[in-house]
Amino acid sequence: MTQMGEVMTAATLQQNVDEAVQRTPVIDIHTHLLPASFGDLCLWGIDELVNYHYLVAELFRSSSATPQQFWALTKSQQADMIWDALFVKNTPLSEATAGVVAVMTRLGLDPAQPNLRQAREYFASVTVEQYIDQVLKLAHVSEIVMTNDPFNPAERAMWEQNKPCPENFHRALRMDPVLNDWDTAHAVMAAAGFKTSADLTPQTITEARRFLDLWIARMRPVYLAVSMPFTFAYPDDSLRTSLIQKVVLPTCLQHNIPFALMIGVSRQVNPALKDAGDSVGFADTASVERLCSENPGVRFLVTLLARENQHALCVAARKFNNLMPFGCWWFLNNPSIIDEITSERLELLGATTIPQHSDARILDQLIYKWQHSRRAISRALYESYSRLIVDGYPLTRKQIDRDVQRMFSGNFRKWVGLPETGAH
Ligand code: HDL
Ligand code: ZN
């Protein structure tokens with residue numbers, strides 16, 4: 001057993017990096033998970049897992065079924081169709097299919113079954129509360145951040161009914177309609193009694209901020225978040241720029257709360273696929289730099305969807321210490337790309353970033369998304385430490401643990417003001 005102060009050698013490094021990465025609990029800073037108290041909004045179990053929209057997209061490359069035929073089926077019929085096409089008739093080679101295999105194996109289920117009967121029997125035997133605890137333990141995830149959308153009527157009802165939310169399920173106030181669909185946003189605010197209109201009058205601005213204040217008081221979010229298209233430009237003469245400048249940034253400053261920008265989606269290029277119908281586009285990192293430069297008092301969390309944007313995001317983070325790059329988002333959440341992005345972040349930014357989030361929509365996914373990410377992060381870290389040792393640095397296990405803790409939770413806790421102890 002390596003002592004904390006023991007200096008690493010080429011022979012002992014790999015095992016110590018792997019141990020540190022596997023054993024260090026992580027705060028998963030962006031997920032779409034919701035608590036058990038939110039009922040059907042809390043997605044878990046094999047039929048939800050196999051119906052992940054990543055797998056829906058992959059189904060149509062390996063089946064003659066049309067989206068119309070697929071959407072006419074029940075959830076379990078859809079899962080049966082996906083299972084047969086992607087796991088029985090074909091090898092589960094993709095990251096999303098291999099992920100389901102990893103989850104089933106960790107749960108002691110046979111991933112090579114010809115149907116989902118065994119898996120369904122297993123899930124019928126556990127409660128959601130038991131399963132949440134089991135998954136968090138298996139994934140070594142200590143805390144998660146949800147995506148909480150006051151513009152989603154089903155979720156809004158949960159908050160208005162004060163449904164309980166575990167303190168390790170942190171909240172993120174998601175504002176996509178505010179910045180991407182103001183017509184919808186101001187109508188929802190007006191229906192809730194806020195004096196908002198289509199035009200950004202002084203009253204509308206005041207009332208929109210009051211709406212955010214109410215939801216900040218209700219949710220106690222750790223950050224405000226928005227997903228914006230790859231065409232996002234700042235500043236420009238759009239309504240979005242005005243809303244960012246007059247509503248969102250003043251709210252961040254007033255509440256001392258970070259602003260998470262998720263940029264790069266090309267919305268609904270194939271609407272027939274529903275949630276699976278979005279694609280990716282090259283974003284403008286200069287817009288991110290201008291936001292950081294003009295707002296030194298605001299802490300930004302930024303993740304970009306295009307692989308081609310990652311290097312420039314790292315360079316931008318070298319220029320602005322109020323810019324925190326995070327995660328290998330969505331189409332980037334694949335081992336080969338996590339390797340690449342984590343390596344360039346280590347080379348350009350050391351241990352000052354948040355290397356990953358799961359984006360899990362279904363609870364079970366935490367198991368594979370973190371199992372696969374930890375392997376990739378471990379590889380990238382090993383390469384960086386190997387070079388350091390060759391260059392003559394007396395690296396210790398204690399330093400490796402410190403670096404991993406910083407990336408897996410410390411950087412985020414500091415960024416959003418969570419206590420170090422992990423108390424919530
Ligand atoms: O906007 C987002 O938060 C994205 O993560 C979308 O939810 C996307 O559909 C997704 O699930 N990506 O993994
Ligand atoms: Zn997401």
Side-chain angles (χ1 to χ4, degrees), residues 30-34 41 43 48 50-73 75 78-79 81-82 85-86 94-97 146-156 172-188 198 225-234 236 238-241 243-244 260-284 287-288 302-309 327-334 337 357-362 365:
H30 171 59
T31 76
H32 297 268
L33 302 177
L34 292 169
L41 296 179
L43 302 181
E48 292 295 352
V50 174
N51 263 294
Y52 188 30
H53 70 71
Y54 292 26
L55 295 171
V56 172
E58 294 178 27
L59 168 71
F60 298 115
R61 297 188 57 75
S62 296
S63 161
S64 58
T66 66
Q68 290 69 25
Q69 288 166 340
F70 178 76
W71 297 122
L73 301 175
K75 175 80 78 173
Q78 291 169 348
M81 179 181 279
I82 291 170
L86 301 185
S94 71
E95 173 58 12
T97 53
M146 302 180 283
T147 296
N148 303 109
D149 180 358
F151 297 94
N152 172 325
E155 183 180 353
R156 183 166 62 239
L173 176 49
R174 186 69 178 250
M175 308 178 296
D176 291 28
V178 174
L179 296 182
N180 299 327
D181 181 7
W182 179 243
D183 283 344
T184 298
H186 82 73
V188 168
V226 66
S227 167
M228 289 190 290
F230 69 97
T231 52
F232 169 65
Y234 180 90
D236 62 8
S238 69
L239 208 50
R240 177 189 283 138
T241 285
L243 284 157
I244 287 174
L261 300 169
M262 306 170 70
I263 310 168
V265 63
S266 179
R267 278 274 172 245
Q268 291 296 292
V269 297
N270 183 353
L273 301 187
K274 297 185 181 179
D275 276 348
D278 296 329
S279 184
V280 58
F282 186 77
D284 175 42
S287 292
V288 173
V302 178
T303 195
L304 302 180
L305 189 52
R307 175 183 178 193
E308 297 75 11
N309 278 132
C328 303
W329 183 28
W330 201 340
F331 304 113
L332 303 174
N333 196 352
N334 299 313
I337 301 181
H357 65 274
S358 71
D359 223 333
R361 283 171 168 260
I362 298 105
Q365 294 174 329

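Numbers here are sequence positions counted from 1. None of the values given here were measured: they were computed from a predicted structure.
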Can you sort out the partners of [X] under side-chain contact (heavy atoms from CB on, under 4.5 Å), two or more places apart, ordered by chain and number?
X    : value
K75  : D47, E48, N51, Q78
A283 : I263, N309
E95  : N334, P335, Y368, H372
A154 : L41, N152

Legend entry - Side-chain (Q268) to main-chain (K274) donor-acceptor, under 3.5 angstrom: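 At least one qualifying donor-acceptor pair exists.
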Legend entry - Donor-acceptor pair, side chain of T97 and main chain of S94, under 3.5 angstrom: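 Present.
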Inset, instruction - Tell me, please, which residues at least two apart from R240 pass salt bridge (Lys or Arg N to Asp or Glu O under 4.0 Å). - result: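 For R240, no residue satisfies salt bridge (Lys or Arg N to Asp or Glu O under 4.0 Å) once neighbours in sequence are set aside.
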Legend entry - SB check R156 D149 (cutoff 4.0 Å):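 No, no charged N to carboxylate O under 4.0 Å.
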State which residues pass ring pair (Phe, Tyr, Trp, His ring centres under 6.0 Å) with [X]; sequence neighbours excluded, sorted by chain then number.
X    : value
Y52  : Y54
H186 : W182
Y234 : none
F60  : F70

So, using side-chain hydrogen bond (donor to acceptor under 3.5 Å, both in side chains) as the criterion, who are the partners of [X] when residues are at least two apart?
X    : answer
S238 : D236
D176 : R174
E155 : N148, W159

Inset, instruction - Taking the side chain as every heavy atom from C-beta outward, state whether L86 and S62 have any atom pair closer than 4.5 Å. - result: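 Yes, close enough: below the 4.5 Å cut-off.
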